[in-house]
Amino acid sequence: MSATRKPLVGIPCCTTQQGLHPFHQVGDKYIMGVVDGADALPVLIPALGDQLVSDQLLERLDGLLITGSPSNVEPHHYNGPPSDPGTQHDPQRDATNLPLIRAAVERGLPVLAICRGFQEMNVVYGGSLHQKLHEVGGYQEHREDKSQTVEQQYGPAHAVNIEPEGWLARWTGLQTAMVNSLHTQGLDRLGDGLVVEARADDGLVEAFRVGDAAGFAFAVQWHPEWKVRENPFYQAIFTAFGDACRQWAAKRVS
Ligand SMILES: N[C@@H](CCC(=O)NCCCC(=O)O)C(=O)O
């Protein structure tokens, strides 16, 4: 691989309906997180579910970024009770991402999962979700205040306590950090083999890694892609991801 060739990072899309037509889309901040934060080339992956030949796709990639989304994982994927009527779902995204995440981690391809992506990764490993964290009791407010500006909503909201022996501690040297918080759902049962990397003060799991993964497999409940270059804590996560993608790319081509 030439010194200037950047790793290729796949970003699976959400589906939305715009007028009469369905679209596949990814938010700009995730794309720019890959470009600016990981110094990599993004490529958008349509949410094709079964029609995505994941091996043929994954063998061409050097990493996967699994994004957040206002939609929720359909609860049948974790044996949860049905969602309230009107809950936003994206079954095509579920059908794409759940198998893709498993296949990517199995082959050692670097995976960074954010917010809904973090929740998906927990479900992939047999974990479950609280559908309305604010109704469970004992948890602080983890939702954004939708009356605020976008800058305020993605600003620091609460602390996370970082596990001293984990990857986050190694990358940052920190014991605590402030993070944004824009989620209604949250981890209930932690998936098999997932290792907690950080918790909120109320005990909610906010970051984990896949314990026996062959490569980089890391997930956070907050949004480190938000203005990643301006936040050294967020940047450290994207730097570690980008480095893992570069190492994968170098091995793949050599
Ligand atoms: N719907 C889930 C996940 C929350 C989430 O991913 N929010 C992201 C919102 C938009 C974005 O920044 O991409 C939940 O509510 O817990």
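Below, all heavy atoms of this structure are taken into account, side chains as well, without hydrogens, waters or symmetry copies. Start at 1 and go down the list; that is how both ligands and their atoms are numbered. Bear in mind that the values here come from a model prediction, so they are computed numbers and not experimental data. Sequential numbering from 1 along the given sequence is applied to the chain's residues.
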List ligand 1 atoms under 4.0 Å from [X], heavy atoms only on the residue side.
{"X": "Gln185", "value": "14 (C), 15 (O), 16 (O)"}
{"X": "Pro70", "value": "1 (N)"}
{"X": "Ser71", "value": "1 (N), 2 (C)"}
{"X": "Gly68", "value": "6 (O), 13 (O)"}
{"X": "Cys115", "value": "3 (C), 4 (C), 5 (C), 6 (O), 7 (N)"}
{"X": "Tyr30", "value": "11 (C), 12 (O), 13 (O)"}
{"X": "Asn72", "value": "1 (N), 2 (C), 14 (C), 15 (O)"}
{"X": "Ser69", "value": "1 (N), 2 (C), 3 (C), 4 (C), 5 (C), 6 (O), 7 (N), 8 (C)"}

Spacing of Leu174 atom CG and Leu168 atom CG [to the nearest 0.5 Å] =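 Interatomic distance, Leu174 CG to Leu168 CG, rounded to 0.5 Å: 8.5 Å.
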
Spacing of Ile114 atom CD1 and Lys29 atom NZ [to the nearest 0.5 Å] |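 The distance works out to 7.5 Å.
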
Please say whether more than 12 non-hydrogen atoms of neighbouring residues, nucleotides or ligands are located less than 6.0 Å from CD in Gln148.
->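 Yes, the 6.0 Å shell around CD holds more than 12 heavy atoms from other groups.
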
Gln17 CD: over 12 foreign heavy atoms closer than 6.0 Å | yes

With backbone taken as N, CA, C and O and side chain as the heavy atoms from C-beta onward, which portion of [X] lies under 4.0 Å from ligand 1: side chain, backbone, both, or neither?
{"X": "Lys29", "value": "side chain"}
{"X": "Leu182", "value": "backbone"}
{"X": "Tyr154", "value": "side chain"}

What do you reckon, does Ile114 have a nitrogen or oxygen under 3.5 Å from a nitrogen or oxygen of ligand 1?
-> no

Answer yes or no for Gln119: is there a heavy-atom contact with ligand 1 below 4.0 Å?
->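 The answer is yes, since Gln119 has a heavy atom less than 4.0 Å from ligand 1.
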
Quick one: which of Phe218, Phe208, Trp222 gives a ring pair (Phe, Tyr, Trp, His ring centres under 6.0 Å) with Phe118?
-> Phe208

With Tyr139 as reference, evaluate His183, His130, His134 under the ring pair (Phe, Tyr, Trp, His ring centres under 6.0 Å) test and give the passing residue.
-> His130

NZ/NE/NH1/NH2 to OD/OE distance under 4.0 Å, Asp94 and Arg116 = yes

Do we get Arg102 above Tyr125's six-membered ring, with its NZ or CZ under 6.0 Å from the centre and within 45° of the axis?
->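 Here Arg102 passes the 6.0 Å and 45° test against Tyr125.
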
Would you check if the side chain of Glu197 reaches a backbone N or O of Trp167 as a donor-acceptor pair within less than 3.5 Å?
-> yes

Closest protein heavy atom (residue, atom, distance) for atom 15 (O) of ligand 1 |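 For this ligand atom, the closest protein heavy atom is Thr184 N, 3.0 Å.
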
